[in-house]
Amino acid sequence: MYDHLAADLGKVEYRKAYYLPKAVREFRKAIKFPVWKWYEYKVPSTNNKYVIFYYAENADFVEKPTTGYFVDVFFDKQRYVAIRQIHAYTSHFLHRYNERFIKDDSLSTNDIACCYLSRNDIAMPIEINESINKNIEEYGEGAKLGFRVRDGICFTRTGLQGDKAKDRIDAMVIVYRTFMSEYKMSDSQRLAIDKEHWEKWTQSYMDFIKESNNGVLSLRLDP
């Protein structure tokens, strides 16, 4: 899957630039915000169907909206929304995001996906423990990775894609299963999330300092 999606990248990026002026013209007419626009694009060589989206949170972003894309993937007749890094979003996840955050029954699945991906482009990985979900052990090791995003908490299931016979791992697949707004969680759950967030941030910072001191990182300043 990863190789197929990677092969599409150039064509999708071209289409993203092609549709941008159209989206901007639409946004200039908007009278209330946020506003978004999406276009479907099918890559002829692979038949993969993408949704290319544009999002302006307020009038300041009309000329330079947030842009992105996702591709529809089907497994056993179940629809997933996936981005190139193979983060897959189930229909249930998108339904819960709308139900628990956007709260607009008139939106299509593509509308919901565009809104989520535009608003939550930064995610902090956290360990889902019993303090966050008391039933976590029932779901196994693959369910212990979650993400804290701008709008709430994402609960996921992870797996590896590759050739087991050759002991080769090509990519990690992260399936987003459901979404919770932190405002709907208990005080003890929010405290546990804050603790995990802080520990992961501290570890990331320490790893950065260590790699910088060891000369592993290479920084480039563009003019």
Between Y55 and F61, does the ring centroid distance fall short of 6.0 Å?
no
Closest heavy-atom pair, Y183 versus R190, reported as atoms and distance to 0.1 Å, is O-NH1, 3.9 Å
| query | Does the side chain of Y54 reach to within under 4.5 Å of the side chain of F27, using non-hydrogen atoms? | reply | yes
| request: Return the orientation label for the F179 and F101 ring planes: parallel under 30°, perpendicular over 60°, tilted otherwise. | output: perpendicular
Pair R150-E57, salt bridge (charged side-chain N to carboxylate O under 4.0 Å, His left out): steps then yes or no
CA-CA 14 Å; R150 173 184 179 183; E57 183 137 342; 2.5 Å; yes
- Salt bridge check: are E40 and R15 linked by an N-O gap of less than 4.0 Å? no
| Atom CG of N47 with >12 non-hydrogen neighbours under 6.0 angstrom | yes
Quick check on the 6.0 Å ring-centre criterion: do Y116 and Y89 meet it? yes
- request: Show the numbers, then the answer: is there a salt bridge (charged side-chain N to carboxylate O under 4.0 Å, His left out) between K200 and E196?
  value: CA-CA 6 Å; K200 288 295 185 294; E196 287 296 322; 3.5 Å; yes
Do the ring centers of Y19 and Y39 come within less than 6.0 Å of each other? yes
query = Below 4.0 angstrom, N of the basic side chain to O of the carboxylate: do E99 and K103 qualify?
reply = no
To the nearest 0.5 Å, atom CZ of R148 lies from atom NE2 of H197 at 6.0 Å
Test D8 against K42 for salt bridge (charged side-chain N to carboxylate O under 4.0 Å, His left out), laying out the working first. CA-CA 10 Å; D8 292 342; K42 187 175 183 179; over 6 Å; no
